[in-house]
Amino acid sequence: MKPSQSDPTVQPVPASVVETVDAADTTLSNPRWAVVALGANLGNRLENLQGAVDALADTPGLRVKAVSPVYETEPWGVEPGSQPSYLNAVALVKTTLPPSSLLERAQAVEEAFHRVRDERWGARTLDVDIVAYADVVSDDPVLTLPHPRAHQRAFVLAPWHDVDPEARLPGHGPVTALLAAVGPTGLTPRPDLELRLPE
């Protein structure tokens, strides 16, 4: 007996539903662009990043539209050599979710990968940060937009620039200029590693 027959919750999605969903993608009520930064320095780092991309893609009301090249970076804010290096990437998503719901989803994805928040800048299996959401500027302590340190972080700016060279960080200006100001210190491109855009 095939698993799909023994498990009534596993049903193939009818083609008509797929077409309806695809059509809805272009007519979603007021979708917004958001930039999500991904990082991991524990476990199988690349698998963790791909898992985050896939989990975001499985989120209702969200489409992953682009995934950046992968970079390897030194950990931020800790003693050199005290943690493994990170793999970092950026995903561009289009979503109808409000920022608060997008944050809840990001945190749920982190928790699914056993992210532990026991120290600031601690090692982690997965980090999912909302860098920017449309042109929203907010100093809400729960979700500050854009991310308060994104303009200082090459590991966010470089992959973001790769997928959107014309990008602007709200309140800070063109990502090109921000990246030039920060410089590529501690950042190593990893062309041997690749994240797949979900089908």
Side-chain angles (χ1 to χ4, degrees), residues 33-53 56 64-93 102-103 106-107 109-110 113 115-139 141 143-197:
W33 283 99
V35 181
V36 180
L38 309 172
N41 74 334
L42 294 177
N44 186 320
R45 300 172 299 166
L46 187 66
E47 275 188 16
N48 293 350
L49 294 187
Q50 185 65 57
V53 171
L56 288 171
V64 178
K65 301 302 248 182
V67 182
S68 76
V70 176
Y71 286 82
E72 187 150 13
T73 59
E74 293 304 313
W76 175 277
V78 297
E79 283 291 314
S82 64
Q83 287 184 21
S85 60
Y86 274 85
L87 291 184
N88 289 98
V90 160
L92 300 186
V93 306
L102 187 57
L103 175 65
Q107 291 176 340
V109 172
E110 288 180 342
F113 284 81
R115 162 74 188 271
V116 178
R117 296 175 179 275
D118 56 358
E119 60 176 305
R120 191 173 190 195
W121 295 321
R124 67 277 313 258
T125 49
L126 185 63
D127 199 14
V128 181
D129 282 331
I130 300 168
V131 175
Y133 181 99
D135 294 322
V136 174
V137 176
S138 165
D139 57 5
L143 176 58
T144 304
L145 288 168
H147 190 288
R149 290 174 294 282
H151 65 288
Q152 304 168 332
R153 294 181 166 178
F155 62 82
V156 171
L157 298 170
W160 185 7
H161 181 264
D162 286 339
V163 286
D164 186 2
E166 304 297 315
R168 299 179 65 86
L169 184 64
H172 293 279
V175 169
T176 304
L178 297 172
L179 182 57
V182 173
T185 309
L187 200 61
T188 306
R190 290 294 304 269
D192 55 314
L193 304 176
E194 189 177 0
L195 293 172
R196 300 179 311 279
L197 199 57

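What you are looking at is a predicted structure, and each value in this text was computed from that prediction instead of being measured. In this chain, residues are counted from 1 in sequence order.
Put simply, the side chain of S85 never gets that close to the backbone of E72: no donor and acceptor are under 3.5 Å apart. A donor-acceptor distance shorter than 3.5 angstrom exists from the side chain of N41 to the backbone of P84, with no hydrogens or angles considered. Here the side chain of D129 pairs no donor or acceptor atom with the backbone of A37 at under 3.5 angstrom.
Note: R190 CZ to L87 CG = 6.5 Å, rounded to the nearest 0.5 Å. Remark: N88 CG to L187 CG distance equals 8.0 Å, nearest 0.5 Å. The structure places CD of E194 at 9.5 Å from CG of L46, a figure rounded to the nearest 0.5 Å. To the nearest 0.5 Å, atoms CG (L195) and OG (S68) are separated by 7.0 Å. Taking OG1 of T188 as the start and OH of Y86 as the end, the distance is 15.5 Å to the nearest 0.5 Å. Between Q107 atom CD and I130 atom CD1 the span is 8.0 Å, to the nearest 0.5 Å.
With P170 as the partner, the side-chain contact (heavy atoms from CB on, under 4.5 Å) test is satisfied by one option alone out of V137, V136, V131: V137. Put simply, the residue from L49, L197, L56 that forms a side-chain contact (heavy atoms from CB on, under 4.5 Å) with V67 is L197. Across R168, H172, H161, a single residue satisfies side-chain contact (heavy atoms from CB on, under 4.5 Å) together with L178, and that is H172.
Judged by distance alone, the side chains of N48 and T125 never bring a donor and an acceptor atom under 3.5 Å apart. Side-chain polar atoms of D162 and Y71 form a donor-acceptor pair below 3.5 angstrom.
Taking a 6.0 Å sphere around CG of N44, one finds it holds more than 12 heavy atoms contributed by other residues, nucleotides or ligands. Residue D192 qualifies as enclosed at atom CG: its count of foreign heavy atoms under 6.0 Å is above 12.
The heavy-atom pair separating S138 from L143 by the smallest distance is OG-O, 4.0 Å. Looking at every heavy atom in both residues, P165 comes nearest to V163 through CD-C, 3.9 Å.
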Derivation and outcome, side-chain contact (heavy atoms from CB on, under 4.5 Å), residues W160 and L92: CA-CA 8 Å; W160 185 7; L92 300 186; 4.0 Å; yes
Test V109 against L126 for side-chain contact (heavy atoms from CB on, under 4.5 Å), laying out the working first. CA-CA 8 Å; V109 172; L126 185 63; 3.8 Å; yes
side-chain contact (heavy atoms from CB on, under 4.5 Å) evaluation trace for V128 with L38: CA-CA 5 Å; V128 181; L38 309 172; 4.1 Å; yes
Test log, rule side-chain contact (heavy atoms from CB on, under 4.5 Å), inputs W33 and K65: CA-CA 9 Å; W33 283 99; K65 301 302 248 182; 3.7 Å; yes
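At a threshold of 4.5 Å between non-hydrogen side-chain atoms, the residues D127 and E110 count as touching.
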